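Notes to accompany the following structure.
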Number of protein chains: 2
Amino acid sequence: MAHPTTSISEQELVLCGQGRELVRDVLERIGDKWSVVVICQLGHTTKRFNELRRLSEPITQRMLSATLRSMERDGLVTRTLHDTKPLRVDYALTPRGLSLLAVARHLAGWAVDNAAGIQESREVFDAP
Amino acid sequence: MAHPTTSISEQELVLCGQGRELVRDVLERIGDKWSVVVICQLGHTTKRFNELRRLSEPITQRMLSATLRSMERDGLVTRTLHDTKPLRVDYALTPRGLSLLAVARHLAGWAVDNAAGIQESREVFDAP
DNA sequence: CTGTATCCCATGAGATACTG
DNA sequence: CAGTATCTCATGGGATACAG
């Protein structure tokens, strides 16, 4: 890991200064509706388009296509076209994609740990 | 930490099953335009509305208000109204908010580490 | 099988003005 | 000071149909 136990002050600097746009950028990457789902479904194994589509249900064809392309653009997945008939395309996470997978899992851990508590807070807040 | 070295298979289960909605939920919470900024600016210290507003520039009054309220609803911040004149309201992260701060910093670490590489990948991808 | 092209609408968020 | 109320517009993303 590159930031294992970075000091708090350093991280605060990062988040308060120029780093803010970087962080926003990452959040746009990971915060859209499907990226994390696709990243997690891809995991460490290569998968085909329709395979991913089934695993990521109810994603639409359009959104899977768009999500994969912007991930490819960011160097998170590789796209390999096998020139067979019928067509066959394989997707796999790159090393960078795998490192994002780790972050996504960290996030997922927090989500699972806090989902119930948040739900409860909301109910209290929304009460009469 | 609740999920320090959770096994991969367990996490994969979490992300593929019911956990998906939970994760989406968290991403909507943290993935909006201002939550992470506000969380980071709040950090470990109590702050007033306009103080936060300056620190989170160029956030609008409306969005800071909305962001803080949904964070309060989720039990991430506390809002304390001091009945003085002129009015004074203090905001601070709750323990849950602080745990999210840690996750946000993890994300920020990844962002900083990968921003340059992603930028480069994009340029290559977008090339003529 | 693996996509692209359109159309369409709900939502997120900025600008601005007003209030306790 | 600490908000709320409108208005407005860009965009994200679903449904559907078509294409290589």
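These numbers come from the heavy atoms of this one structure, side chains and all, not from hydrogens, waters or symmetry mates. All chains are named by letter (A, B, ...) in the order of the sequence lines, taking the proteins before the strands, and each is independently numbered beginning at 1. Computed from a predicted model, the values in this text were never measured in an experiment.
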Take B/Leu101 and B/Leu98 through the side chain to side chain contact (heavy atoms under 4.5 Å, CB included) test and state the conclusion after the steps. CA-CA 5 Å; B/Leu101 176 62; B/Leu98 286 169; 4.2 Å; yes
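Across all strands, B/Arg69 comes closer than 4.0 Å only to sugar-phosphate atoms, never to a base (heavy-atom distances).
Bending across the helix from C/dC1-D/dG20 to C/dG20-D/dC1, expressed as the angle between its end axes from five pairs apiece, amounts to 50° (10° rounding).
Regarding B/Lys47, its NZ atom lies at a distance of 17 Å from the P atom of D/dC1, rounded to whole Å. Straight-line distance from the CD1 atom of A/Ile59 to the C1' atom of D/dG13: 11 Å, rounded to whole Å. Regarding A/Glu57, its CD atom lies at a distance of 13 Å from the P atom of D/dG14, rounded to whole Å. Rounded to an integer number of Å, the gap from B/Glu28 CD to D/dG12 P is 15 Å. We find that CG of B/Leu68 is positioned 10 Å from P of D/dT4, with the value rounded to whole Å. Atom pair B/Met63:CE and D/dT4:P shows a separation of 13 Å (rounding to whole Å applied). B/Arg88 places its CZ atom 13 Å from the C1' atom of D/dA2, with the value rounded to the nearest Å. Rounding to whole angstrom units, NZ of residue B/Lys85 and P of D/dG3 are separated by 16 Å.
To the nearest 0.5 Å, the span separating CD on A/Glu51 from OG1 on A/Thr46 amounts to 9.5 Å. Interatomic distance, B/Leu22 CG to B/Leu27 CG, rounded to the nearest 0.5 Å: 11.0 Å. Between the CG atom in B/Leu42 and the CG atom in B/Leu93 there is a gap of 4.0 Å [rounded to 0.5 Å]. The line from CH2 of A/Trp110 to CZ of B/Arg96 is 7.0 Å long, rounded to the nearest 0.5 Å.
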Nucleotide N/O of nucleotides 15-20 of chain D paired with protein N/O under 3.5 Å:
unit_1, atom_1, unit_2, atom_2, d
D/dA15, N6, A/Arg62, NE, 3.3

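Across every non-hydrogen atom of A/Ile39 and A/Gly97, the tightest pair is CG2-O, 4.5 Å. Of all heavy-atom pairs between B/Ile30 and B/Ser35, the closest is CA-CB, 4.4 Å.
In this structure, A/Trp34 and B/Asn50 both approach DNA chain D, and ranking their closest nucleotides by distance from the 5' end singles out B/Asn50.
Note that the first and last nucleotides of DNA chain C, 5' to 3', having any atom under 4.0 angstrom from a heavy atom of chain B are C/dA13 to C/dG20.
Not counting sequence neighbours, A/Ala102 has no partner by the side chain to side chain contact (heavy atoms under 4.5 Å, CB included) test. A search for side chain to side chain contact (heavy atoms under 4.5 Å, CB included) contacts involving B/Thr84 returns B/His82, B/Arg88, not counting sequence neighbours.
Taking the side chain as every heavy atom from C-beta outward, A/Arg20 and B/Gln41 approach each other to under 4.5 Å.
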Residues 58-75 of chain B side chain polar contacts: donor-acceptor under 3.5 Å, at least two apart:
unit_1, atom_1, unit_2, atom_2, d
B/Thr60, OG1, B/Met63, N, 3.2
B/Thr67, OG1, B/Met63, O, 2.7
B/Ser70, OG, B/Arg29, NH2, 3.0
B/Ser70, OG, B/Thr67, O, 3.3
B/Arg73, NH1, A/Asp126, OD1, 3.0
B/Arg73, NH1, A/Asp126, OD2, 2.2
B/Asp74, OD1, A/Arg122, NE, 2.6
B/Asp74, OD1, A/Arg122, NH2, 3.3
B/Asp74, OD2, A/Arg122, NH2, 3.1
B/Asp74, OD2, B/Arg29, NH1, 2.6

